[in-house]
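Numbering of ligands and ligand atoms starts at 1, following listing order.
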Amino acid sequence: MGPVVEVRDLVKRYGEVVAVAGISLEVHAGEVFGLLGPNGAGKTTTLEILEGLRRPDGGTIRVAGVDVRRDPQAVKARIGVQLQQAGFFPRLTVGETVRLFASFHRRSVAADVLLQRLGLAERSRTLVEDLSGGLRQRLSLALTLVNDPEVVFLDEPTTGLDPQARRHVWGIIEGLRGEGRAVVLTTHFMEEAQRLCDRVAVLDHGRILAQGIPHELIQAYGGSSTLVIGGELPDELVRELPGVQAAVRRNGETWVHTLLPLETLHALVETRTGRIACGYLHLHQPTLEDVFLTLTGRRLRE
Ligand SMILES: Nc1ncnc2c1ncn2[C@@H]1O[C@H](COP(=O)(O)OP(=O)(O)OP(=O)(O)O)[C@@H](O)[C@H]1O
Ligand SMILES: [Mg+2]
């Protein structure tokens, strides 16, 4: 089966500012795809173009079989777009809100099924204005799914949520993947992207710097792993270890930076016996955050 989202050479300018400078990507059914990048990288602009909400200056976009540039209206029935909180009516209840949004679509999921699924069944009669931030976010996800979309677009779905609410949203997104929907999301949380996304693209200045499976990007751009050894390793022993780039001793520990963590660890365990006192071992492997910082050369700002 071909991709559900297919973007080629996408360009968007705002006057002098080139917000999107030639992006190409594909997303398949049953896949969670993450757009990562610093503030202003062009993530939201890209999403809004795919959703048919903004017109691009160049490129081709197919979403769920629809040519979005030619027919931005047709795509709306096939996709789910997470609304900002501003889209709610505070004096409606949760149940009324879901039924109202369902009435906008020709095809919709039954309100009680949706509320059940998002853990909102008990809140059906609660006024929207009385919801906590986490429950509001769930309601906004319910509205995103009200038309049973093939492709779901989520712009920072977990920003502002506490760890518990965040995990709840992760579970919902994993459920969408399990049902064979395609999910395109943005996030500033690299741990979340690593855990949730099948593939990610790292953007900056409107361009994709790298895209792929998180662990492959980590392999390519994450840099060395660090083995923290609870004990002072003598130089001659460190020299025998494979893959080591550098070793630093501090506060009774040795920090060994290595490109071959498993080989280093193995050699250490083999040769250590009787030669050093080693209280403990920690292995710190690079993460998607290291990839992000290596590629963008900037600090995370959120
Ligand atoms: N309506 C607009 N008019 C003019 N410039 C805009 C408009 N919307 C976005 N931009 C500019 O386009 C660039 C990309 O913005 P965009 O909102 O897509 O970034 P983003 O990656 O979503 O950032 P963030 O992480 O802060 O949400 C930025 O330079 C931004 O200032
Ligand atoms: Mg944005």
Practice problem: Determine the minimum heavy-atom distance between K76 and L53, stating which atoms define it. | Solution: CE-CD2, 4.0 Å

Exercise. Determine whether any heavy atom of K12 lies closer than 4.0 Å to an atom of ligand 1.
Key: no

Quiz item: Based purely on interatomic distance, does A19 place a nitrogen or oxygen under 3.5 Å from a nitrogen or oxygen of ligand 1?
Solution: no

Exercise. Give the numbers and elements of all ligand 1 atoms closer than 4.0 Å to a heavy atom of A41.
Key: 19 (O), 20 (P), 21 (O)

Quiz prompt | S108 and N147: CA distance, side-chain angles, deciding distance, side-chain hydrogen bond (donor to acceptor under 3.5 Å, both in side chains) verdict | solution = CA-CA 4 Å; S108 64; N147 60 335; over 6 Å; no

Practice problem: Evaluate side-chain hydrogen bond (donor to acceptor under 3.5 Å, both in side chains) for Y280 paired with E253, printing each intermediate quantity in order. | Solution: CA-CA 9 Å; Y280 50 85; E253 293 182 331; 2.6 Å; yes

Practice problem: Measure from the Mg ion (ligand 2) to each N, O or S atom of N39 and report whether any distance is below 2.8 Å. | Solution: no

Quiz item: Do L262 and L260 belong to the same hydrophobic cluster, where Ile, Leu, Val, Met, Phe, Trp and Tyr are linked whenever their side-chain heavy atoms lie under 4.5 Å apart, directly or via other members?
Solution: no

Self-check item: R250 to W255 six-membered ring, cation-pi geometry met (6.0 Å, 45°)
Solution: yes

Exercise. Flag G37 as yes when one of its N or O atoms lies below 3.5 Å from any N or O atom of ligand 1, and as no otherwise.
Key: no

Quiz prompt | Per-atom contacts, ligand 1 versus H188 - under 4.0 Å to a heavy atom | solution = 25 (O)

Quiz item: Based purely on interatomic distance, does K43 place a nitrogen or oxygen under 3.5 Å from a nitrogen or oxygen of ligand 1?
Solution: yes

Quiz item: Should the pair R166 and F189 be classed as cation-pi, given the thresholds of under 6.0 Å to the six-membered ring centre and 45° from the axis?
Solution: yes

Quiz item: Less than 3.5 Å between some nitrogen or oxygen of G40 and one of ligand 1, yes or no?
Solution: yes

Self-check item: Under-4.0 Å salt bridge between R181 and E31
Solution: no

Quiz item: Counting each atom of ligand 1 from 1 as listed, which ones have a heavy atom of T45 under 4.0 Å away?
Solution: 14 (C), 15 (O), 16 (P), 18 (O)

Self-check item: 4.0 Å heavy-atom contact, E48 with ligand 1
Solution: no

